[in-house]
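This report refers to the structure that appears directly beneath it.
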Amino acid sequence: AQSVTQLGSHVSVSEGALVLLRCNYSSSVPPYLFWYVQYPNQGLQLLLKYTSAATLVKGINGFEAEFKKSETSFHLTKPSAHMSDAAEYFCAVSDLGAQKLVFGQGTRLTINP
Amino acid sequence: DAGVIQSPRHEVTEMGQEVTLRCKPISGHNSLFWYRQTMMRGLELLIYFNNNVPIDDSGMPEDRFSAKMPNASFSTLKIQPSEPRDSAVYFCASRPGTANSPLHFGNGTRLTVT
């Protein structure tokens with residue numbers, strides 16, 4: 001069965017600083033991995049996805065994530081944080097044999113001016 | 001593409017009352033998911049459908065919860081009778097029927113049971 005662990009329920013960075021949100025997964029077969037963002041009072045929106053093509057995946061709003069099989073990780077990064085990046089971020093995993101998406105507990109990102 | 005449409009956006013009801021949440025998936029998507037989000041438990045998958053057929057309802061908390069998908073363009077999640085611990089945001093999501101396709105979420109229904 002797949003699972004996802006997001007390290008750090010809250011992350012706070014200064015505007016312009018590097019954003020790093022950590023995600024580790026567990027899957028017995030090659031996974032599909034996703035990052036979603038949730039703004040207040042809205043549903044989740046897809047940021048990016050990994051589906052066994054390039055290991056470095058670029059998403060919307062300047063975010064990217066790197067799939068590292070040896071570390072079973074899929075960390076999300078952005079070189080320079082913007083105030084509008086303040087939101088909750090969710091990592092999720094599924095695989096070819098699974099039909100459902102398993103989400104991590106989420107990381108709330110705060111941007112300090 | 002209007003996206004996934006959920007109604008109502010907010011629902012306030014008294015304990016013991018029946019609550020019905022509604023969802024219209026994106027046209028052409030043949031998988032539909034119901035999630036519940038709370039501070040304590042995060043995002044929980046309640047049930048999902050493929051081609052209008054319930055595939056896995058192991059996340060449905062109790063018999064008070066039921067979900068239907070009578071056709072490809074409509075689904076309901078019903079709670080009867082409702083209890084204060086059911087207060088949460090309920091999300092519906094849909095996608096094409098492949099595991100590498102992302103879910104598209106509605107804006108959710110915020111349920112408050114007093």
Side-chain angles (χ1 to χ4, degrees), chain A residues 1-10 23 25 27-54 57-60 63 65 67 74 87-108, chain B residues 1-10 21 23-26 29-51 53-60 88-111:
Chain A
Q2 313 107 312
S3 66
V4 171
T5 302
Q6 291 184 240
L7 298 175
S9 58
H10 289 89
C23 172
Y25 69 91
S27 177
S28 58
V29 295
Y32 301 126
L33 293 158
F34 305 82
W35 275 100
Y36 284 82
V37 60
Q38 184 180 29
Y39 298 104
N41 300 315
Q42 295 186 24
L44 280 69
Q45 303 172 33
L46 180 70
L47 267 181
L48 49 81
K49 67 174 183 178
Y50 167 77
T51 57
S52 75
V57 182
K58 294 188 183 298
I60 62 171
F63 284 93
F67 171 70
F74 191 57
E88 187 144 18
Y89 293 79
F90 293 88
C91 183
V93 65
S94 70
D95 62 53
L96 184 60
Q99 299 186 34
K100 60 186 181 182
L101 205 56
V102 176
F103 284 88
Q105 285 293 98
T107 297
R108 183 168 299 279
Chain B
D1 181 356
V4 176
I5 300 172
Q6 291 187 247
S7 63
R9 285 299 310 272
H10 301 274
L21 311 180
C23 175
K24 176 178 169 56
I26 292 173
H29 285 191
N30 57 0
S31 296
L32 183 141
F33 301 73
W34 282 101
Y35 286 86
R36 178 171 68 176
Q37 186 178 36
T38 61
M39 289 291 291
M40 292 297 295
R41 303 171 73 96
L43 267 170
E44 302 173 274
L45 177 63
L46 301 178
I47 185 171
Y48 72 94
F49 297 82
N50 272 359
N51 297 316
V53 176
I55 302 301
D56 183 350
D57 65 355
S58 59
M60 296 285 262
V89 181
Y90 291 80
F91 287 103
C92 176
S94 71
R95 74 172 183 199
T98 55
N100 63 353
S101 299
L103 293 180
H104 297 255
F105 282 79
N107 283 328
T109 294
R110 181 174 297 276
L111 174 65

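Convention: sequence-line order gives letters A, B, ...; per-chain numbering from 1. Hydrogens, waters and symmetry mates are skipped; everything else that's a heavy atom, side chains included, is used.
Looking at every heavy atom in both residues, D56(B) comes nearest to K100(A) through OD2-NZ, 3.1 Å. The minimum heavy-atom distance linking Y36(A) with L103(B) is given by the pair OH-N, 2.8 Å. In terms of heavy atoms, F105(B) sits closest to L44(A) at CB-O, 3.5 Å. Across all non-hydrogen atoms, the minimal contact from K49(A) to P102(B) is NZ-CD, 3.7 Å.
For chain A, no part of T109(B) is nearby; none of its heavy atoms comes within less than 4.5 Å. Using a 4.5 Å cut-off between heavy atoms, Q37(B) touches chain A through its side chain atoms alone. At a 4.5 Å heavy-atom cutoff, the contact between R41(B) and chain A is made by backbone atoms alone.
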Inset, instruction - Please assess Y35(B) against L101(A) for the test side chain to side chain contact (heavy atoms under 4.5 Å, CB included), listing each intermediate value before the final yes or no. - result: CA-CA 11 Å; Y35(B) 286 86; L101(A) 205 56; 3.8 Å; yes

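Most heavy-atom pairs under 4.5 Å with chain B: of the set E88(A), Q45(A), Q42(A), this distinction falls to Q42(A). Chain B forms more heavy-atom pairs under 4.5 Å with one residue of G106(A), G43(A), G104(A) than with any other, namely G43(A).
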